[in-house]
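Below, chain A is the first sequence line, B the second, and so on; all start at residue 1.
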Protein chains: 2
Amino acid sequence: MGSNIEWLPTQVPCGSCPLRVRQEFRDFTEVELEFIKGSKRGELHVAKGGTILEEGAANQHLYTVLSGWGFRYKTLSDGRRQIVNYAMPGDLVGLQGTVMGEMQHSVEALSPMVLCIFERAKLFMLFEGFPQLSFDVTWIASREECMLDENLLAVGRRTAVEKVAYLMVFLLSRSIKTGLLGRSGVDIPITQQHVADTLGLSVVHTNRTIRKLVERKLISWTDGGCRILDAERLALIARWEDPIPRPRPFL
Amino acid sequence: MGSNIEWLPTQVPCGSCPLRVRQEFRDFTEVELEFIKGSKRGELHVAKGGTILEEGAANQHLYTVLSGWGFRYKTLSDGRRQIVNYAMPGDLVGLQGTVMGEMQHSVEALSPMVLCIFERAKLFMLFEGFPQLSFDVTWIASREECMLDENLLAVGRRTAVEKVAYLMVFLLSRSIKTGLLGRSGVDIPITQQHVADTLGLSVVHTNRTIRKLVERKLISWTDGGCRILDAERLALIARWEDPIPRPRPFL
DNA sequence: CGGGAAATTGACATTAATCAAACTTAGTGG
DNA sequence: CCACTAAGTTTGATTAATGTCAATTTCCCG
């Protein structure tokens, strides 16, 4: 088997970035685009299961997810693992390293991923020359914080069934917002172990809980991935407070 | 009883801010200082138990903690509460509101607090004119994210004893970094209910767990507050990975 | 066809939640 | 100054939720 992660020269130029075409992202000005272009150092292609960042390591780069799913996690010294969040197209990966010196968490690919590589050193230049972009970075960090608050509430205060229901709605919501929803839904590329490690449960109990939701036809669990069948009822079970975003219309 | 929260005109001018004298904060330039001064709208004095921000509300302001302790929390519709983090002197409060429109969490005072009030509308001006300050804001958001990751790991994957030990070391560490440590330690102004709501435990079980640590002389729990007696052993129990910061020397 | 990762199941152990009550302390008003 | 109250802590008894262990099964992939 070859390397499961490799650094390639830019193949998707920023000028025609598939993400920026989407409604959910704001338009860049010419200068901003130039700057971003100039900071891009290439692309990282990572196979499913590949490690993008590792806890404890220092890393010179900052990444943006172009495609694929990943997850961010921490571990205790005896191996217990906690997934703290997921990374989807458009997400920024590695910002914390800028602040903390070395990474406090690892990032792994759930499916084949492509990430844009940026020089971390350019970040301060971005703050000096591009107020709007700087604000965007803060915006992104703040949004991440908000998701972590939600996850903390789920892990700390919801029951097992509520937790699983919550995670499903959470991932569906994010998929919709990111424009990943096909006409037949999304395939969420996670295993039950991931669910367990996200929610602070054991795999066995996670399995039994998932089974219940499958029996009630709220989700389906097919070979290495799952699908949401009834988001509304799941949201009710999870006591999800926000409206589930509507999928944007396709042309 | 009078109002437990009131807005007063500036009494602590930014020029002689007691926080900026401390080693742990970087120096501002003259212009930066002027800008900050110009953005300050007054001070918020909050009694113990007072609510500074409320989930679901929109708020025009951004705050900086000048003194006192507070906590940030979310609730489920049936009242279950999860404390997501604590706020201590120097912390920024309310940044999320800028991004999300309305607050996704509440903030309450654990002890009498004083906060500086800033106009949120000025934030974008800050990004336009003060790259270093903008970077600082991002730095702060990123640090918060890092703490949330840690808390999530604790709530999701540690046992009850480990959890309590973790929280104690976490709060001690932050106290030390914030320069709150007197020569006899810190009095942490929380109740066992707060501990429970931070760690995702019931009060009863929290009490039993705390009792064990008290018996082992690792902490002491006195009327409405607690003290850390043996940080090293607590850190070991919690599998705390980082060195506990040394208290800075006093003159 | 064989190997391995993921999912599933049953039996059992353990942790933590719940319920209910008593106790302690600080603060309040008479 | 003292009874009274409320908030916080503590305890015991019981129940429910979740974890652990150990197989077994399923299914993908080479």
Side-chain angles (χ1 to χ4, degrees), chain A residues 1-2 4 47-50 76 78-82 108-112 154-165 187-215 219-227 237, chain B residues 1-2 4 47-50 71 76 78-82 108-112 154-165 167 187-215 219-227 237:
Chain A
M1 170 187 81
N4 60 359
K48 177 177 159 179
L76 289 174
D78 64 355
R80 280 174 283 176
R81 179 174 78 167
Q82 176 67 40
E108 189 180 313
L110 279 170
S111 64
V155 175
R157 285 305 185 201
R158 279 188 243 248
T159 65
V161 189
E162 290 170 348
K163 281 180 182 181
V164 175
D187 265 308
I188 301 176
I190 56 178
T191 68
Q192 301 192 354
Q193 183 69 62
H194 292 121
V195 176
D197 288 345
T198 307
L199 300 173
L201 300 169
S202 69
V203 216
V204 174
H205 197 240
T206 298
N207 177 276
R208 296 199 227 264
T209 308
I210 286 176
R211 210 102 297 287
K212 278 182 205 159
L213 294 180
V214 169
E215 272 161 26
I219 61 176
S220 77
W221 204 274
T222 48
D223 37 324
C226 77
R227 278 173 166 275
I237 292 174
Chain B
M1 171 185 81
N4 60 0
K48 175 177 161 182
F71 64 98
L76 289 174
D78 64 355
R80 279 174 283 177
R81 180 175 79 168
Q82 177 67 38
E108 189 180 313
L110 279 169
S111 64
V155 175
R157 285 305 184 201
R158 282 189 241 247
T159 64
V161 189
E162 290 170 348
K163 281 180 183 181
V164 175
L167 181 59
D187 265 308
I188 301 177
I190 56 178
T191 68
Q192 301 193 353
Q193 183 68 64
H194 292 121
V195 176
D197 287 345
T198 306
L199 300 172
L201 300 170
S202 69
V203 216
V204 174
H205 197 238
T206 298
N207 176 274
R208 298 195 160 113
T209 309
I210 286 176
R211 210 102 296 287
K212 279 183 205 158
L213 295 181
V214 170
E215 273 161 25
I219 60 177
S220 77
W221 203 274
T222 47
D223 38 324
C226 78
R227 278 173 167 275
I237 293 173

S.K.: Could you tell me if the side chain of A:Trp221 sits less than 4.5 Å from the side chain of A:Gln192, heavy atoms only?
M.R.: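 Sidechains of A:Trp221 and A:Gln192: in contact.
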S.K.: Please work out if A:Ser202 contacts a base, only the sugar-phosphate, or nothing of the nucleic acid, heavy-atom cut-off 4.0 Å.
M.R.: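 Base: the residue A:Ser202, judged by heavy atoms under 4.0 Å, touches a nucleobase.
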S.K.: If you define the side chain from C-beta out and look only at heavy atoms, does anything of B:Val195 sit under 4.5 Å from B:Leu167?
M.R.: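 In contact.
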S.K.: Check every strand shown and say whether B:Gly200 touches a base, only sugar-phosphate, or nothing at a heavy-atom separation below 4.0 Å.
M.R.: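 Result for B:Gly200 = sugar-phosphate.
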S.K.: Of B:His194 and B:Arg208, whose closest DNA chain D nucleotide lies nearer the 5' terminus?
M.R.: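 Of the two residues, B:His194 wins.
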S.K.: In whole angstroms, how far is the C1' atom of C:dA16 from the CZ atom of B:Arg158?
M.R.: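 Nearest whole value for this atom pair: 18 Å.
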S.K.: From CZ of B:Arg80 over to P of D:dA17, roughly how many Å is that when rounded to an integer?
M.R.: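 My rounded result for the distance is 12 Å.
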S.K.: Atom CG of B:Leu199 and atom C1' of C:dT15: how far apart are they, to the nearest Å?
M.R.: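 For the pair B:Leu199 CG and C:dT15 C1', the rounded distance is 15 Å.
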S.K.: Which residue, B:Leu199, B:Thr198, B:Thr159, forms the side chain to side chain contact (heavy atoms under 4.5 Å, CB included) with B:Val164?
M.R.: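 Between B:Val164 and the candidates, side chain to side chain contact (heavy atoms under 4.5 Å, CB included) is satisfied uniquely by B:Leu199.
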S.K.: I'd like to know if B:Arg80 pairs up with A:Glu162 as an ion pair, taking the criterion as any Lys NZ or Arg NE/NH1/NH2 lying under 4.0 Å from an Asp or Glu carboxylate oxygen.
M.R.: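 Looking at B:Arg80 and A:Glu162, the cut-off is met.
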S.K.: Out of B:Val214, B:Leu213, B:Thr209, which residue meets the side chain to side chain contact (heavy atoms under 4.5 Å, CB included) rule with B:Arg211?
M.R.: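 With B:Arg211 as partner, side chain to side chain contact (heavy atoms under 4.5 Å, CB included) holds for just one option, B:Val214.
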S.K.: At under 4.0 Å between heavy atoms, what does A:Leu201 touch on the DNA or RNA strands: base, sugar-phosphate, or nothing?
M.R.: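 Since only primed, P, OP1 and OP2 atoms lie under 4.0 Å of A:Leu201, the category is sugar-phosphate.
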S.K.: Taking for each residue the nucleotide of DNA chain C with the nearest heavy atom, is it A:Ile190 or A:Arg157 whose nucleotide lies nearer the 5' end?
M.R.: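 Closest to the 5' end, via its nearest nucleotide, is A:Ile190.
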S.K.: To the nearest Å, give me how far apart NZ (A:Lys212) and C1' (C:dA7) are.
M.R.: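 So the two atoms are 17 Å apart, to the nearest Å.
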S.K.: Counting only side-chain heavy atoms from C-beta out, which of D:dG8, C:dA6, C:dA17 sits nearest to B:His205?
M.R.: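 Closest of the options to the side chain of B:His205: C:dA17.
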S.K.: OP1 or OP2 of C:dA7 sitting under 4.0 Å from any side-chain N/O of A:Asn207?
M.R.: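 For A:Asn207, the contact criterion (side-chain N or O under 4.0 Å from OP1 or OP2 of C:dA7) is not met.
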S.K.: Phosphate oxygens OP1/OP2 of D:dT9: is one of them under 4.0 Å from a side-chain N or O of B:Gln193?
M.R.: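 Answer is no, no contact under 4.0 Å.
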S.K.: Starting at CZ of A:Arg81 and ending at C1' of D:dG19, how long is that distance when rounded to a whole Å?
M.R.: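 It works out to 18 Å between those atoms.
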S.K.: Measure from CG on A:Asp197 to P on C:dA7 and round the result to the nearest Å.
M.R.: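 Taking atom P of C:dA7 as the reference, CG of A:Asp197 is at 12 Å.
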S.K.: I need the CD1-P distance between A:Ile210 and C:dT8, as an integer number of Å.
M.R.: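 Atom-to-atom, A:Ile210 to C:dT8, this comes out as 8 Å.
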S.K.: Round to the nearest Å and state the distance from B:Trp221 atom CH2 to D:dT10 atom C1'.
M.R.: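 After rounding, the gap between these two atoms is 13 Å.
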S.K.: Side chain of A:Val204 only, heavy atoms from C-beta on: which candidate in D:dC21, C:dA6, C:dT18 is closest?
M.R.: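 So the side chain of A:Val204 is nearest to D:dC21.
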S.K.: So does B:Gln192 get a side-chain nitrogen or oxygen closer than 4.0 Å to the phosphate oxygens (OP1/OP2) of D:dT10?
M.R.: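 B:Gln192 to D:dT10 OP1/OP2: side-chain N or O found under 4.0 Å.
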S.K.: Would you indicate, yes or no, if C:dA7 has its OP1 or OP2 atom less than 4.0 angstrom from a side-chain nitrogen or oxygen of A:Arg211?
M.R.: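 So the side-chain polar atoms of A:Arg211 never come under 4.0 Å of the phosphate oxygens OP1 or OP2 of C:dA7.
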